[in-house]
Visitor: 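Below you will find the structure I want to go over with you.
The sequence lines fix the lettering, A, B, ..., with proteins before strands; numbering per chain opens at 1.
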4 protein chains.
Amino acid sequence: MENKAKPKYKLILDAAVEVIAENGYHHSQVSKIAKKAGVADGTIYLYFKNKEDILVSLFEEKMGQFVSKIKEEIERIEKADEKLYKLIEMHFRQLSEDPSLAIVTQLELRQSNKRLRFEINEVLKDYLALMDDILEGGMKDGTFQAQLKVKLVRQVLFGTLDEVVTNWVMKEQRYDLVDQARDVHYLIYNGLRKHN
Amino acid sequence: MENKAKPKYKLILDAAVEVIAENGYHHSQVSKIAKKAGVADGTIYLYFKNKEDILVSLFEEKMGQFVSKIKEEIERIEKADEKLYKLIEMHFRQLSEDPSLAIVTQLELRQSNKRLRFEINEVLKDYLALMDDILEGGMKDGTFQAQLKVKLVRQVLFGTLDEVVTNWVMKEQRYDLVDQARDVHYLIYNGLRKHN
Amino acid sequence: MENKAKPKYKLILDAAVEVIAENGYHHSQVSKIAKKAGVADGTIYLYFKNKEDILVSLFEEKMGQFVSKIKEEIERIEKADEKLYKLIEMHFRQLSEDPSLAIVTQLELRQSNKRLRFEINEVLKDYLALMDDILEGGMKDGTFQAQLKVKLVRQVLFGTLDEVVTNWVMKEQRYDLVDQARDVHYLIYNGLRKHN
Amino acid sequence: MENKAKPKYKLILDAAVEVIAENGYHHSQVSKIAKKAGVADGTIYLYFKNKEDILVSLFEEKMGQFVSKIKEEIERIEKADEKLYKLIEMHFRQLSEDPSLAIVTQLELRQSNKRLRFEINEVLKDYLALMDDILEGGMKDGTFQAQLKVKLVRQVLFGTLDEVVTNWVMKEQRYDLVDQARDVHYLIYNGLRKHN
DNA sequence: GATGAATGAGAGTTCATTCAT
DNA sequence: GATGAATGAACTCTCATTCAT
């Protein structure tokens, strides 16, 4: 078992992603997650307050890593439009590489109640702030138009990425998601850059 | 009572929108909808196969009207970029004018299970086809670039509209949604048009 | 079935008394009560808010009848000491005639939590008030000493009755409870009456 | 820490009384008692067979002391009616001085199941025997009537004391319990003594 | 067509107890 | 002797759907 080494906390979160991706949010009983994780039902509650807490933690954990990785790569890049491209490309790449996670974030987690979705939004703020940074950087250095409304542009960007990924998931991942990055970047960048 | 005239079918759908907007998807029991509609629980099942059918019907009905109205307006317009603007503006306007419906479509209906969401997507196809028409028209007459990937652009457009409306709903509709139409159109159009 | 005539509400309460007397408070699941009553589990919740509500209702219903019957008999009697005797005799007689109820009130219901016990005490107030009436009547007409502390005497009386019945229940009802009435009355009355 | 000296056995029993008085019987988990006692959960099971055993031991220990103290005092007294008074007074005094214990014995321990209550009754036998001794002594020496039924009188006495203390606990100990001793003794003694 | 009382399957969570260290 | 992480059985309540009237 590769599980011997992993702490139970991680073990349970990974099991949750798999179980939810397989069975859907509403058919993912705690007992199923426990079984997949190889622990007793009660053990779950030593690490999580309740079922919802598993989901929030799952999202925090995975989204945290997701954003960190993008941040890391972007810091090495100078130009705003290249940063933008990198963000798009890595957004697609990371979800591409973990299809279970993609199913969970794009479809299943949205079935949670409003309160949980607000908590999820809280976690997303970090990501949105990263987008704002790129946009503001580009506006300053002249890559993008100066009078853009950052909050609105960020909604265009996030909405686009989210929809493109959701589409890919609902089409059962039958095409390559990362391939879309170039075109998406072109459309968005064209919308933002200066034109003569 | 204004309800005397309305057929029970409509009565129930309207009640469903109100109940879901007020209580949230997961607290909208069939009995609550029946009460609000002024009919017995059992009566619901004379008009709808099951609870899910209420939701699908609700979406079909409302979305049907939603799309028809936009179609109607757009047919009168010649230029592709103006059609595009009209679509954006009316998308925002219609949801602006029916906040209960906005809450239901943007937040509550997404809590339904995957199967229901596939059915909802089915209903959306008509709307997406309309977008495709506008885009293809613009590509033909030279308003937009000729080599655009329609399916992808449609995702950018729909994803953007959806995100902007969702944002507005989650911000508790504290600002004017229709005011955003001009800027959103500018960004999208800029992404699509020819540049010298 | 003799049950056809009875309304479900009564049916459930009667079933509850039997089930609790047989299995003890902590082994009386709602499903057991439903089965004994011949209804579905869910039906219970059409008539009672929750499990605790069954118990409170049970106590209110049974205790209400219990006290009414005693009241009725006592009204016909003039002398305070005879009223006192009647109360004691009927207290014993009624519990004697419904051993299941005796088990439930003397042993099982006391296992409920503090909150429920406060509600039960509320129901008892009527009975205690009846005791007060008898005592005050006797103090006025010279049957009992005039300077008695009614609240304390009532505790002596109730505590005594309660203990004697509990003893009888715990001794598995191997002797006749009503036979004790004469002696208990003698002891209590002796404690209260005037002495030369 | 004053606890260093105390053996774990005592430490756990004292913790149990406090925890139960504070939280109520049903919210007094073994882990809470362990924490209060400053030992690990598992340690409890080195000293007690199971949770119930804690409660029985608690009652044996405390009740043993309770009865011994009363016995001790009573041996010094000659007259039966004075012995009776002493018993009443000390019953009240001891519970008065340890309100946590009073809550536990009068309210919380009664929520235990029937089997535990039989075991508790076993422990009480010693106390009841002491009452019997006083009563029989008084019957012999002419203080009390000769034809009293000792077992019944003992129920009157115990039932009275128990109810008076319970009342005091439920009234949140807002008055002085020991003050009641004189009146209670008067009522009981009057019921027992010879009258001319 | 309309009613609404009755149904019964289904799941999150607690906590006494164990046992490897 | 002492620890405390892990176990897993057990139970209330909700609500979509049915069907006799």
Visitor: Should B:F48 and B:L58 be marked as a side chain to side chain contact (heavy atoms under 4.5 Å, CB included) after you check the CA-CA gap, both sets of side-chain angles, and the distance that decides it?
Guide: CA-CA 11 Å; B:F48 301 91; B:L58 182 164; over 6 Å; no
Visitor: For the residue pair B:K51 and B:Y25, would you count it as a cation-pi contact if the rule is NZ or CZ under 6.0 angstrom from the ring centre and within 45 degrees of the ring axis?
Guide: yes
Visitor: Given E:dA2, E:dA16, F:dT12, which nucleotide is nearest the side-chain atoms of D:V30?
Guide: E:dA16
Visitor: Below 4.0 angstrom from OP1 or OP2 of F:dA5, is there any side-chain N or O of A:K8?
Guide: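 Indeed not, no polar side-chain atom of A:K8 lies that close.
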Visitor: Between atom CD in D:Q29 and atom C1' in E:dC15, what is the gap in whole Å?
Guide: 7 Å
Visitor: Pick one: which of A:I33, A:T105, A:V104, A:I103 meets side chain to side chain contact (heavy atoms under 4.5 Å, CB included) with A:V17?
Guide: A:V104
Visitor: Which heavy atom in B:A15 sits nearest to a heavy atom in B:K36, and how many Å separate them?
Guide: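 Residues B:A15 and B:K36, closest heavy atoms: CB-CG, 3.7 Å.
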Visitor: Could you work out which one of F:dA16, E:dT3, E:dT13 sits closest to the side chain of A:K51?
Guide: E:dT13
Visitor: Starting at NE2 of A:H27 and ending at C1' of E:dG12, how long is that distance when rounded to a whole Å?
Guide: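 Distance, rounded to whole Å: 16 Å.
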Visitor: Using whole Å, what does the distance between atom C1' of nucleotide E:dG1 and atom CD1 of B:I12 come to?
Guide: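 It is 12 Å, rounded to the nearest whole Å.
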Visitor: Measure the distance from CZ on D:F48 to P on F:dA2 and round it to the nearest whole Å.
Guide: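 Whole-Å distance recorded here is 13 Å.
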Visitor: Atom CD1 of C:I44 to atom P of E:dA5: distance rounded to whole Å?
Guide: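 Checked: the CD1 to P distance equals 17 Å.
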Visitor: On DNA chain F, does the nearest nucleotide to D:D41 precede the nearest nucleotide to B:H26 from the 5' side, or the other way round? Give the residue.
Guide: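 Nearest-nucleotide comparison on DNA chain F picks D:D41.
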Visitor: How many whole angstroms separate atom NZ of B:K35 from atom P of F:dA16?
Guide: 15 Å
Visitor: Considering heavy-atom distances to DNA chain E, does B:A40 or A:Y45 have its closest nucleotide positioned more toward the 5' end?
Guide: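 Final value for this comparison: B:A40.
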Visitor: Check whether C:K32 reaches the backbone of C:H27 with its side chain - one donor and one acceptor, N or O, closer than 3.5 Å.
Guide: yes
Visitor: Counting the atoms with a prime plus P, OP1 and OP2 as sugar-phosphate, which does A:Y47 contact under 4.0 Å by heavy atoms, base, sugar-phosphate, or nothing?
Guide: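 Sugar-phosphate contact only - A:Y47 comes under 4.0 Å of backbone atoms but never of a base.
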Visitor: What is the distance, to the nearest angstrom, from the CD1 atom on A:I54 to the C1' atom on E:dT13?
Guide: 11 Å
Visitor: C:T43 or A:G42: which one's nearest nucleotide on DNA chain E is closer to the 5' end?
Guide: C:T43
Visitor: Could you please name the option among E:dA5, F:dC11, F:dG1 that lies closest to any side-chain atom of D:L46?
Guide: F:dG1
Visitor: Is there a Watson-Crick or G-U wobble partner for E:dA2 with both distances under 3.5 Å, and if so, which one is it?
Guide: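 E:dA2 is paired, partner F:dT21.
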Visitor: Using Watson-Crick or G-U wobble geometry with both distances under 3.5 Å, which nucleotide pairs with E:dG8?
Guide: F:dC15
Visitor: Could you give the CG-to-C1' distance, from D:N50 to E:dC15, as a whole number of Å?
Guide: 14 Å
